[in-house]
Protein chains: 2
Amino acid sequence: MEPVSQNKDDEIAEANDLDHLGKMIREARLQKGWTLEEAGKAAGIGRSTLSKIENNQTRPSFDIVRRLTKALDLRTPQLFVQSGPSDISGRRDVTLTGQGEPQDTPTYSHELLCTELTSKRMFPYISTIKARDVSEFEAWIRHRGEEFMYVISGELTLFTEHYRPLALKTGDSVYYDSGMGHGCISTSEEDAKVLWVSLE
Amino acid sequence: MEPVSQNKDDEIAEANDLDHLGKMIREARLQKGWTLEEAGKAAGIGRSTLSKIENNQTRPSFDIVRRLTKALDLRTPQLFVQSGPSDISGRRDVTLTGQGEPQDTPTYSHELLCTELTSKRMFPYISTIKARDVSEFEAWIRHRGEEFMYVISGELTLFTEHYRPLALKTGDSVYYDSGMGHGCISTSEEDAKVLWVSLE
DNA sequence: CGTTTGTGTTTCCTATAGGAAACTTTTCTG
DNA sequence: CAGAAAAGTTTCCTATAGGAAACACAAACG
């Protein structure tokens, strides 16, 4: 229930930072070129309900909204406007080619990107993996979190626990649990370059 | 309303990928050391309602959930994660060049990467930015979170609020608050390709 | 011009969300 | 171990979410 209010319209309008919710949903639906009927069916809700939602004539349940976002392929966070500033609020950090912060280890040669923004949550870096021989593969790397990798150039083989070694070419990408042991070696004549983005 | 079902408990359990919602909210509340009363007050809802939500005895409205996430300072996207523990423990997901899931809009042409892993936290995708003219720049894109971009090929100009437009070449990268308006256009003859990794 | 068809909107009704208060359980006291 | 106080749960009730169907309004036929 809501705090008492003179009339229904006022009440809904007032308590709603969500006025735009209906608008966004309608936009998303039209974007897909769907009718109320089609969208409703895709989300498993009635077209009358959807109409009311789009016109902000109702306060839909979380459940319903979730189904809609799924069906309409909406970015959900936008629906929660509350715009609490992130810790890098209003900021950006640029790193030009080759201008990253070098970080070398015996086996890898990293170039950390965008290191100015220390409070960011993802950690992007480029690694150069030297052309070498399979026999040199040593120990699993393992650190809590998730990791995404994209092969910028060259060819390499990715090793991860629980899986077969995987041959990767330029343009391929992998997302994995970085708590799972992993490592890679170059299988091309030249060094391979990989972009990694790591998240704790 | 839900499709008919024999009894209420079944119905709720069945339609709920959201069983974990109550759990998450309870966790968040206890984390803060709050009682139902306190949390309810902070969110502007009754303690009985909150109790029912935490025990999954009700399907709260979007509105109520929004207020709770705000009060409890919860990262909302997790609430939308369907099915299962929200980690990717021991898993990996590969996307070969050009094999991503296409997602086109009038202005952008995205290729979503590693979409098999639905519970991952970062969202990588490759965009092809069509070669065109500055005058065509339209509206800011804006969504809560952080974003990292890496220019795979071509040249483009990145626009972000609070900053001057920025010319980027192949190999350059930028990290920014995606809640800040942003958008880009290609400045090269050919289309530009950009790898984005987005985090909510 | 009516008829059809395909859209979105508005009733109408039932199941239920959510608040207040009764009830139960746990945690402090003395 | 009282008995009180504070936490959580359940009950009861009213306002309303959401589906079905009636309604409204087009555009596309004959």
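Below, read A as the first sequence line, B as the second, and so on, with proteins coming before strands; counting in each chain starts at 1. Computation of the quantities below employed the complete heavy-atom set of this structure, encompassing side-chain atoms and omitting hydrogens, waters and symmetry-equivalent molecules.
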Starting at atom [atom1] of [X], determine the distance to atom [atom2] of [N], rounded to an integer number of angstrom.
{"X": "A:Asn55", "N": "D:dG18", "atom1": "CG", "atom2": "P", "answer": "15 Å"}
{"X": "A:Ile45", "N": "D:dA17", "atom1": "CD1", "atom2": "P", "answer": "14 Å"}
{"X": "B:Arg59", "N": "D:dT16", "atom1": "CZ", "atom2": "C1'", "answer": "16 Å"}
{"X": "B:Glu38", "N": "D:dA6", "atom1": "CD", "atom2": "P", "answer": "11 Å"}
{"X": "A:Leu30", "N": "C:dT7", "atom1": "CG", "atom2": "P", "answer": "12 Å"}
{"X": "A:Asn56", "N": "D:dT16", "atom1": "CG", "atom2": "C1'", "answer": "16 Å"}
{"X": "A:Leu50", "N": "D:dA17", "atom1": "CG", "atom2": "P", "answer": "15 Å"}
{"X": "B:Arg26", "N": "D:dG8", "atom1": "CZ", "atom2": "C1'", "answer": "8 Å"}

Which of the following nucleotides, [options], is nearest to the side chain of [X]?
{"X": "B:Pro60", "options": "D:dG18, D:dG8, C:dG18", "value": "C:dG18"}
{"X": "B:Ser51", "options": "D:dT10, C:dG8, C:dG18", "value": "D:dT10"}
{"X": "A:Thr58", "options": "C:dG18, D:dT9, D:dG18", "value": "D:dG18"}
{"X": "A:Thr35", "options": "D:dA17, C:dT7, C:dT9", "value": "C:dT7"}
{"X": "A:Gln57", "options": "C:dT9, C:dT10, D:dT9", "value": "C:dT10"}

Item to check | Residues in ring pair (Phe, Tyr, Trp, His ring centres under 6.0 Å) contact with A:Tyr150, at least two apart in sequence or another chain | outcome: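 In terms of ring pair (Phe, Tyr, Trp, His ring centres under 6.0 Å), with neighbours along the sequence ignored, A:Tyr150 is linked to no residue.
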Next on the checklist: Once side-chain hydrogen bond (donor to acceptor under 3.5 Å, both in side chains) is applied, do any residues pair with A:Glu190, and if so which ones, sequence neighbours excluded?
Outcome noted: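 Per chain and number, A:Glu190 pairs via side-chain hydrogen bond (donor to acceptor under 3.5 Å, both in side chains) with no residue.
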Checklist entry - Below 4.5 Å, heavy atoms only, C-beta onward: do B:Thr49 and B:Lys52 meet side chain to side chain? => result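 No; the side chains remain at least 4.5 Å from each other.
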Donor-acceptor pairs under 3.5 angstrom involving side-chain atoms of residues 165-172 of chain A: please list them, not counting sequence neighbours.
from     : atom 1 : to       : atom 2 : distance (Å)
A:Thr170 : OG1    : A:Gly154 : N      : 3.2
A:Thr170 : OG1    : A:Gly154 : O      : 3.2
A:Asp172 : OD1    : B:Thr97  : N      : 2.7
A:Asp172 : OD1    : B:Thr97  : OG1    : 2.9
A:Asp172 : OD2    : A:Lys169 : N      : 2.7

Next on the checklist: Under 4.0 Å between a side-chain nitrogen and a carboxylate oxygen: does that hold for A:Glu54 and A:Arg29?
Outcome noted: yes
Checklist entry - Mind checking what makes side-chain contact (heavy atoms from CB on, under 4.5 Å) contact with A:Glu111, not counting sequence neighbours? => result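 Listed in chain order: A:Leu113, A:Ile126.
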Atom pairs, protein N/O to nucleotides 25-29 of chain C N/O, distance under 3.5 Å:
none

Item to check | N or O in side chain of B:Arg29 less than 4.0 angstrom from D:dG8 OP1/OP2 | outcome: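 Yes.
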Checklist entry - What is the distance from atom OG1 of A:Thr95 to atom CG of A:Leu112, rounded to the nearest 0.5 Å? => result 9.5 Å
Checklist entry - A:Met180 and B:Arg91: which non-hydrogen atoms are nearest, and at how many Å? => result CE-O, 3.3 Å
Checklist outcome for this item: Partner of B:His182 under ring pair (Phe, Tyr, Trp, His ring centres under 6.0 Å), picked from B:Tyr163, B:Tyr176, B:Trp196, B:Phe159, is B:Tyr176
Check nucleotides 20-24 of chain D for protein N or O atoms closer than 3.5 Å to its own N or O atoms and list the pairs.
from   : atom 1 : to      : atom 2 : distance (Å)
D:dA20 : N6     : A:Ser48 : OG     : 3.1

